[in-house]
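Notes follow the structure.
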Amino acid sequence: MLGTLARWLRILGYDTEYERDVDDEVLVRRCVAEGRIALTKDRKLVERRALRNALLIRSKSLGGQVREVLAVTGEDPSDRPFLSRCVECNSALEDVSREDVRDRVPPYVFRTQRKFRSCPSCGRIYWAGTHRDRMLERLGRLLSDTGEGTDRKPAPDSGPP
Ligand SMILES: [Zn+2]
C-alpha cells in the first residue's frame, strides 16, 4: 500500500526497505534488528510493544504521506542527499566514470551529462540533469498539495495549514 511512498523516500535518500506481504512477526523482528522505523497504515501493527519505532501513516495522498514522514524526521527535503539511492532496490548509488556508461545510456544523455551514478545491485544508471529537475519539481508539487482527505491535522509546525 505504501510502495509509492517508499520510492519517494528513496529518492529523498532515506534507507527504505519495502515489503508487500510480509508477516507481522517477521516485520517486527527485522525492524528491531536493523534499527528501522516501521511505516504502516496498520494501526494494530503500530501498537505492538516489541516494535519500538513505528509511524502510523494516516494520509491518503502521497504528498501528505511524505509530509508525515518529514514531520517526524524534522528534515527539510532540500537538505536530503537527493537521488543517492536506487529507487528500485534501495542500494546506495556509486559514482561511475562517464566512459563506463557510454554504451548504457542514450547518446544524447552521454553527450550532455558529465556525472553518472549506478546501482551496484540492479545496474540502473542515474544522472542529474532533467531527471533530477523533474523529480524536484514533482516533489515540490507533492509537498505543496493540500487537497487531501486526512482525518487529522498534521503537527503544527509541519507545513502549510
Ligand atoms: Zn537498483
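Position 1 is the first residue of the sequence, and the numbers go up from there. Note that ligands are numbered from 1 as they come in the structure, with each ligand's atoms numbered from 1 the same way.
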The Zn ion (ligand 1) neighbourhood, protein N/O/S only, threshold under 2.8 Å: C86 SG, C89 SG, C119 SG, C122 SG
The single option from L39, L70, N90 passing side-chain contact (heavy atoms from CB on, under 4.5 Å) against Y14: L70
side-chain contact (heavy atoms from CB on, under 4.5 Å) partners of R49, counting only residues at least two apart: none
Salt-bridge criterion met for E47 and K44 (N-O under 4.0 Å): no
Qualifying ring pair (Phe, Tyr, Trp, His ring centres under 6.0 Å) pairs, either residue in residues 99-130, two or more places apart: W127-H131
R80 bridged to E75 by N-O distance under 4.0 Å: yes
Residue list, side-chain contact (heavy atoms from CB on, under 4.5 Å) with N53, at least two apart or on another chain: I37
